[in-house]
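Just below is one structure, and these are the notes that go with it.
Chain A is the first sequence line, chain B the second, and so forth, proteins listed ahead of strands; every chain is numbered from 1. Owing to the predicted nature of the structure, the values given are computational and were not obtained by experimental measurement.
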4 protein chains.
Amino acid sequence: MLMQAKISADEQDSGGPAAAPPRTFTEAARRAQIVDAAIEVIADEGYAKATYARIARRAGLSSTGMISYHFAGKADLMREVVAEVMRVADGYMRPRIEAQPTAAGRLRAHIESNLELLGAHPKHLPALLQVLAQARGDEPWQQEFAAEMGGLVDRVAEALARAQEAGEFGDFDPWVMAMAIRGAVDAVVSRVAGGAAIDVAACGRELADLFDRATRKA
Amino acid sequence: MLMQAKISADEQDSGGPAAAPPRTFTEAARRAQIVDAAIEVIADEGYAKATYARIARRAGLSSTGMISYHFAGKADLMREVVAEVMRVADGYMRPRIEAQPTAAGRLRAHIESNLELLGAHPKHLPALLQVLAQARGDEPWQQEFAAEMGGLVDRVAEALARAQEAGEFGDFDPWVMAMAIRGAVDAVVSRVAGGAAIDVAACGRELADLFDRATRKA
Amino acid sequence: MLMQAKISADEQDSGGPAAAPPRTFTEAARRAQIVDAAIEVIADEGYAKATYARIARRAGLSSTGMISYHFAGKADLMREVVAEVMRVADGYMRPRIEAQPTAAGRLRAHIESNLELLGAHPKHLPALLQVLAQARGDEPWQQEFAAEMGGLVDRVAEALARAQEAGEFGDFDPWVMAMAIRGAVDAVVSRVAGGAAIDVAACGRELADLFDRATRKA
Amino acid sequence: MLMQAKISADEQDSGGPAAAPPRTFTEAARRAQIVDAAIEVIADEGYAKATYARIARRAGLSSTGMISYHFAGKADLMREVVAEVMRVADGYMRPRIEAQPTAAGRLRAHIESNLELLGAHPKHLPALLQVLAQARGDEPWQQEFAAEMGGLVDRVAEALARAQEAGEFGDFDPWVMAMAIRGAVDAVVSRVAGGAAIDVAACGRELADLFDRATRKA
DNA sequence: CATGAATGAGAATTCATTCAT
DNA sequence: GATGAATGAATTCTCATTCAT
């Protein structure tokens, strides 16, 4: 599989410096509600404007204190935003990718499903992009996101390398290829988020063609 | 030419909402000094931390008032940051691109020189990426940056389309290809900015190979 | 007797603004549990950090609501903290003091047992000091604590005066002497609370010697 | 000399984590104004109520931002409060102490001038007491204050020890004696701060007598 | 031209307390 | 009796910007 959620895996985990696992149903519901609102605000207005006040307003909450009550801090909330997007992305893309018998098919499915996902959940990937763009600086949560971003590319690179060794692809640096794929998709996401009217499905097919040519055996 | 600065062209100015034209030499020097400091801060610490205070400190200025004095506002400063990076990028890439006789050569030169530029001016492209990532939201300067980003891609797309019509390339959507190129390069920039130890020159060659395969006639 | 609890005496209550009398056994146990946790938190982290949240956590309670449920407010809880410390102090010091036949002996026993108490219950006196230090300001509970502090000194002063009139001590102002005793002991408590490694018993003997010289007939 | 300001000594120093030395006259004046207001608020309402809002109001400032502008944080402000009180105390007490030829005279002068100071600047010592009472907890500024408090006692203890070795005093533990003196004076300060109507000069003389008896050769 | 002081809005976060269940 | 969710005021602090000098 070319893409899988790392963060979503440790939802039940306690290791991190912050988020205690949600214990009750209402708590989980509130957290989800806030995360959803955060995703919308981030996607619509950008990370910089995604303040507690705006998120609370979008979530229909009366006070920003509610967010502090349910999340250990902004880093915790952002972690959850990333986790949620990864969860959704994984749920959407993985079955489509794994349904393909060939590496070329999986690559195509990866790219196409990634952009279909953009159509199905128009706020999720733009929000992810915004949050991961904050992965600059020394604070631990930023490092965390940088690692997350790296992992995203690395997993694709490994899948490409394996297929390459199996003789299913031509000769190329799998890691550079993986970065190019990630970047190409993100560029489309970014443009769509900026309001460009793009047929994402067609765009996905075109990108898939592109990388098919780029990875094919000579 | 695949990339050229739009903003840098109208330094003397388009009558935007802000920047008065710099009249004196000192004025221009001060502005340049501040812009350079801003680029460094943005690249090193991210857009979110690029406050007047931090920029002033990096520029060796004693007060943030200086920045307000020389720039009409933060949007104005950021506009100038983008313009400066574009100016440098144009100066670096354009001659290398135009030296190539074939479209394929120009494409390769575009990609490779873009990444060489990253080696030569390690802060400029990361800063640009950070600033353009703020192009979300309704405010005019955000729209402006979104347009800037779009223009970047569009100009490459047009060059590709012309070459394609001239029969120098295979069959593909030039606009999608342009976005893929931009995204792939940006992904590398982003990774390098994050501290990854990458041989950017080798990476540039690999990317150029990749897009050569993707654009070649079948 | 040189020291006795005033607050602890009227547990069943003076009709203050707050505390309803504890009716059931569970209620009393819960209150005691919370008061103990409060004493520990105050002694360890200081009054400022002794929030409901921290106290609840230390008490093993799941919510701060419990504290509000059992106490009429923070003033009520602090009143109870003071009362509890006074109760313990009285129980510890009074028999040791009353066992002494002479006024000088009682003075020595007062000082020494006070510091022994610090060894036996290392959190109680530091907590008391912290709470009584809040006795500044107009609110009724602050005035209450100021009065409490005054009473502490006054009772010692009265004992000293009586002994003085009986010819057992030299010539000095009993009230100033009482304040000096209180202050000297508190200074030791404060230093120990701050983490200083002090032999409190030896310190008690030394202080007792000091005040013996100061009160002795010429 | 039995008491001297340690903090006031490094006013021109840059070592600390926070306070840059005030560079301009206006800045210094503003800082002084804010420190004075802080001292008043702390003395009158207690440390807990000494918020930026209340201090700003007392200082006649329009916003709390002003305080943040002039001080690196609350710790910095409190450091300055302590330094100011120490400066005043040192200026008041030191000449009176040093004017005395004998150790007994210096001890008396120390105690009496300390309490006269309470009459002359009724808010300073109570404020100091409140701030130093916060010296509990792990944060560096709290540790700093704890050390400051310790230093206060230690310097007196050393002076006592020297005089003792010179045969000017009787036999006692100088460190315990120093703590007793400090505590006795603080107890009076505390009572006066609480609103008690006390003749501090008389009280000073009485305390001086007390410790004269306690330190005298047998 | 330049500066430092001031401003006021808004940021995240914490707190004691209330309330429905 | 007990709980967890909610509340809203208050806290420290930062920000871009303005203004008098």
Side-chain angles (χ1 to χ4, degrees), chain A residues 22-31 48-56 61-77, chain B residues 23-27 29-30 48-56 61-78, chain C residues 23-27 29-30 48-56 61-78, chain D residues 22-31 48-56 61-77:
Chain A
R23 304 209 177 278
T24 72
F25 171 72
T26 23
E27 155 111 57
R30 268 271 180 265
R31 278 176 73 97
K49 292 259 178 90
T51 66
Y52 276 17
R54 251 178 267 260
I55 294 169
L61 301 174
S62 61
S63 81
T64 70
M66 280 254 46
I67 302 179
S68 283
Y69 179 74
H70 286 287
F71 292 87
K74 205 163 189 190
D76 186 27
L77 173 55
Chain B
R23 303 207 181 275
T24 73
F25 171 73
T26 344
E27 161 89 15
R30 271 267 183 266
K49 294 232 177 132
T51 66
Y52 275 19
R54 251 178 271 259
I55 294 168
L61 267 39
S62 60
S63 91
T64 69
M66 277 255 48
I67 302 179
S68 284
Y69 181 73
H70 285 287
F71 293 87
K74 203 166 190 188
D76 186 29
L77 172 55
M78 289 307 142
Chain C
R23 303 208 181 275
T24 72
F25 171 73
T26 343
E27 161 89 15
R30 271 268 183 264
K49 294 232 177 135
T51 66
Y52 275 19
R54 252 178 270 257
I55 294 169
L61 266 40
S62 59
S63 91
T64 69
M66 278 254 47
I67 302 179
S68 284
Y69 181 74
H70 286 288
F71 292 87
K74 202 165 190 188
D76 186 29
L77 172 55
M78 289 307 141
Chain D
R23 304 209 178 276
T24 72
F25 171 72
T26 24
E27 155 111 58
R30 268 271 180 264
R31 278 175 73 98
K49 292 259 177 90
T51 65
Y52 277 15
R54 250 177 270 259
I55 294 169
L61 301 174
S62 61
S63 80
T64 70
M66 280 254 45
I67 302 179
S68 284
Y69 178 73
H70 286 287
F71 293 88
K74 204 162 190 191
D76 185 28
L77 173 54

Practice problem: Grab the two heavy atoms, one from D/Ala56 and one from D/Ser63, that are nearest each other, plus how far apart they are. | Solution: CB-O, 3.9 Å
Quiz item: How many Å lie between CZ on D/Phe25 and C1' on F/dT21, as a whole number?
Solution: 15 Å
Quiz item: Which residue lies toward the 5' end of DNA chain F, D/Arg54 or A/Leu61, if each is placed at its nearest nucleotide?
Solution: A/Leu61
Quiz item: Is there a Watson-Crick or G-U wobble partner for E/dT13 with both distances under 3.5 Å, and which nucleotide is it?
Solution: F/dA10
Practice problem: Let me know the distance between CD1 of D/Ile67 and C1' of E/dG8, rounded to the nearest Å. | Solution: 14 Å
Quiz item: Ignoring hydrogens and angles, does a donor from either the side chain of D/Thr64 or the base of F/dC13 sit under 3.5 Å from an acceptor on the other?
Solution: yes
Quiz item: Taking only N and O in the side chain of C/His70, is any of them less than 4.0 Å away from OP1 or OP2 of F/dA2?
Solution: yes
Self-check item: Mate of E/dC19 where both pairing distances stay under 3.5 Å, Watson-Crick or G-U
Solution: F/dG4
Self-check item: Any A/Thr24 side-chain nitrogen or oxygen under 4.0 Å from OP1 or OP2 of F/dA5
Solution: yes
Quiz item: How close or far is atom C1' of E/dG10 from atom CD1 of A/Ile55, stated in whole angstroms?
Solution: 15 Å
Quiz item: Which is true for D/Thr51 with a 4.0 Å heavy-atom rule: it touches a base, it touches only sugar-phosphate, or it touches nothing?
Solution: sugar-phosphate
Quiz prompt | C/Ser68 or D/Tyr69, whichever maps to the more 5' nucleotide of DNA chain E | solution = D/Tyr69
Quiz item: Is there a donor on the side chain of A/Tyr52 or the base of E/dA12 sitting less than 3.5 Å from an acceptor on the other?
Solution: no
Quiz item: Which nucleotide, F/dT7, E/dT7, F/dT3, lies nearest any side-chain atom of A/Met66?
Solution: F/dT7
Quiz prompt | E/dG4 phosphate, OP1 or OP2, under 4.0 Å from B/Ser62 side-chain N/O | solution = yes
Practice problem: Measure from the side-chain N and O atoms of A/Tyr52 to the backbone N and O of A/Lys74, and report whether any donor-acceptor pair falls under 3.5 Å. | Solution: yes
Quiz item: Quick one: D/Arg31 CZ to E/dA6 C1', roughly how many Å, whole number?
Solution: 16 Å
Practice problem: Can you see which heavy atom on C/Arg30 is nearest to which on C/Met66, and at what distance? | Solution: NE-SD, 3.8 Å
Self-check item: Closest-nucleotide 5' rank along DNA chain F - winner of A/Ser63 and D/Lys49
Solution: A/Ser63
Quiz item: For C/Arg30 and F/dG1, is the shortest distance between a side-chain N/O and OP1 or OP2 below 4.0 Å?
Solution: no
Self-check item: Touch class at under 4.0 angstrom, heavy-atom based, for A/Thr26 against every strand present
Solution: sugar-phosphate
Quiz item: Taking D/Arg31 for the side chain and D/Phe71 for the main chain, is one N or O donor matched with an acceptor at less than 3.5 Å?
Solution: no
Practice problem: Measure the spacing between OG1 of C/Thr51 and CD1 of C/Ile67 and express it to the nearest 0.5 Å. | Solution: 8.0 Å
Self-check item: Nearest-angstrom distance from the residue atom NZ of D/Lys74 to P of F/dT11
Solution: 9 Å
Quiz item: D/Leu77 CG to F/dC13 C1': how many Å, rounded?
Solution: 13 Å
